[in-house]
Amino acid sequence: MTNTTSGLDRVPPIREISLSDVSASLKEGWSDFRAYPGFGLFFGGIYMLGGWLILGFLTRIGAPWMIIPLAIGFPLLGPFVAVGLYEISRRRQQGEPVTRKGVLAQVFHQRERQLGWMAFVVMFIFWIWVYQVRLLFALFLGFKSFSSWDRFVDIVLSTPEGWGFLLVGTIVGAFLASVLFSTTVIALPMLAEREVDFVTAMITSIAAVMKNPLPMFAFGFVVGVITLVALLPAFVGLLVALPVLGHATWHLYRKVTAPT
C-alpha cells in the first residue's frame with residue numbers, strides 16, 4: 001500500500017472493462033469457491049440461517065406478504081459478511097496462505113475501519129426498501145390482513161391492484177437496487193483492502209459504474225438473478241451462490257481498479 005501524508009491510501013485509478021472481464025470474474029469466483037469450499041459454505045451458511053430466521057419471524061407474526069421484500073433485501077446486507085470472502089480471494093491471488101485465523105482476523109478487524117460506516121448507508125437504503133414496500137402495499141391493496149401466503153399470492157397475481165403493486169414496486173425496487181449497487185460494488189472490497197474513507201470509496205464506486213455502465217450493470221443483473229434463484233429452495237441456494245458472488249466481486253474490483 002502507498003500512503004499519503006494524511007495516512008490514507010491513494011484512490012486507485014478507474015480502468016475500462018468489458019463483458020469478458022465480468023465473465024472472467026464470475027469464473028474466478030467459482031474457482032475460489034472450489035479451492036476453499038469450507039470457507040464459502042461457512043459464510044454462505046450465515047446468509048442461509050439469516051433467511052430462515054426472517055421466514056420464521058414473519059410466519060409467526062402473520063405477515064407472509066413481507067417474505068418477498070425482506071428475502072430479496074436481506075442479501076443486500078451480505079457484503080459485510082463477504083469481507084472474509086474478499087480476504088480469501090486476495091490471499092489466493094497474492095499467493096499467501098489461506099488460514100482460518102487470518103481470514104477471521106480480517107473480518108473482525110473491520111470493526112476498527114471505515115467499512116463499519118458503510119453499514120449505516122446500506123441499512124438506510126434497506127430501511128427505505130422495506131418502507132416503500134409497506135407504503136405501496138397500503139396504497140394499492142389497503143391495510144388488509146392475509147391469512148395465508150397462498151391468499152396473498154392470489155390477490156397480487158389476479159387483481160388490477162395487485163398488478164399495480166408489482167409494477168410500481170418493481171420499478172422503485174430496481175431504482176433502489178441500482179443506487180445501492182452503484183455505491184457499494186467497488187466501495188466494499190476497496191474498504192476491505194485499503195485505508196480510505198467510506199465517502200471516497202462510495203464516490204469511486206459510482207465513478208467505476210459510470211465509466212463502465214454496461215459491464216457493471218450486467219454484473220449486477222447476474223448477481224440479482226443468481227440470488228433470486230438461490231432464494232427459491234428455502235434459502236439453501238445461498239450456501240453456494242453468495243460465496244461465489246462474493247469472490248467474483250473481489251475479482252471485478254481488481255479488474256476495474258488500477259494498482260497504486
Side-chain angles (χ1 to χ4, degrees), residues 1-17 21-22 25 43 72-90 93 103 105-132 172-221 223-224 227 242 245-260:
M1 295 182 181
T2 304
N3 293 340
T4 66
T5 56
S6 65
L8 296 178
D9 295 340
R10 288 190 301 173
V11 176
I14 301 300
R15 296 187 286 201
E16 291 187 5
I17 60 172
D21 292 309
V22 174
S25 296
F43 290 115
I72 294 174
F74 172 71
L76 298 180
L77 309 181
F80 297 99
V81 181
V83 169
L85 301 169
Y86 302 153
E87 180 65 7
I88 293 167
S89 294
R90 186 195 70 79
Q93 197 172 48
V103 171
Q106 178 68 4
V107 173
F108 288 116
H109 180 55
Q110 298 306 318
R111 296 176 300 172
E112 306 169 4
R113 301 179 63 183
Q114 290 281 306
L115 190 66
W117 289 101
M118 284 296 294
F120 293 101
V121 176
V122 175
M123 286 298 295
F124 178 70
I125 297 177
F126 180 70
W127 174 253
I128 293 177
W129 163 255
V130 174
Y131 181 79
Q132 66 90 17
V172 175
F175 172 76
L176 291 175
S178 297
V179 170
L180 185 61
F181 174 78
S182 298
T183 55
T184 62
V185 61
I186 298 302
L188 289 167
M190 179 182 293
L191 288 171
E193 180 192 34
R194 297 170 177 266
E195 291 288 350
V196 297
D197 65 90
F198 77 99
V199 175
T200 299
M202 291 171 60
I203 293 173
T204 305
S205 186
I206 294 172
V209 173
M210 292 182 65
K211 189 168 185 177
N212 302 281
L214 179 58
M216 295 300 287
F217 279 114
F219 180 73
F221 177 77
V223 169
T227 302
L242 290 187
L245 294 176
H247 290 306
T249 300
W250 169 264
H251 290 289
L252 187 70
Y253 156 70
R254 296 293 292 174
K255 294 181 190 305
V256 82
T257 55
T260 56

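Keep in mind that the numbers below use all heavy atoms, side chains included, and drop hydrogens, waters and symmetry copies. Since the structure is predicted, the reported quantities are computational estimates derived from the model, not experimental observations.
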Heavy-atom closest pair, residues L85 and H247: O-ND1, 3.2 Å

Please round to the nearest 0.5 Å and tell me the distance separating atom CE of M202 and atom OG1 of T184. 8.5 Å

I'd like to know whether T200 forms a side chain to side chain contact (heavy atoms under 4.5 Å, CB included) with I203, so could you lay out the CA-CA distance, the side-chain angles of the two residues, the decisive distance to 0.1 Å, and finally the verdict. CA-CA 5 Å; T200 299; I203 293 173; 5.7 Å; no

Output the distance between atom CG (L252) and atom CD1 (I186), rounded to the nearest 0.5 Å. 5.0 Å

Nearest-0.5 Å distance, OG1 of residue T249 to CG of residue L188: 9.0 Å

Do you know which two heavy atoms are closest between V209 and M216, and how far apart they sit? CA-CG, 3.9 Å

Those residues at least two apart in sequence (or on a different chain) that pass salt bridge (Lys or Arg N to Asp or Glu O under 4.0 Å) with R90 are E87, E96

Heavy atoms only: give me the nearest G246-Y86 pair and the separation to one decimal. O-CE2, 3.4 Å

Between the CD atom in Q93 and the CH2 atom in W250, the distance rounded to the nearest 0.5 Å is 7.0 Å

Of the non-hydrogen atoms in R15 and R254, which two are nearest, and what is the gap between them? NH2-O, 2.9 Å

Could you report the tightest heavy-atom contact between I17 and V256, atom names first, then the distance? CG2-CA, 3.9 Å

Residues two or more places apart in sequence or in another chain: which of them pass side-chain contact (heavy atoms from CB on, under 4.5 Å) with A201? A187, M190, L191, V196

Contacts satisfying side-chain hydrogen bond (donor to acceptor under 3.5 Å, both in side chains) that involve residues 201-212 (not counting sequence neighbours) are none

For residues S25 and H251, report the shortest heavy-atom separation together with the two atoms involved. OG-C, 3.7 Å

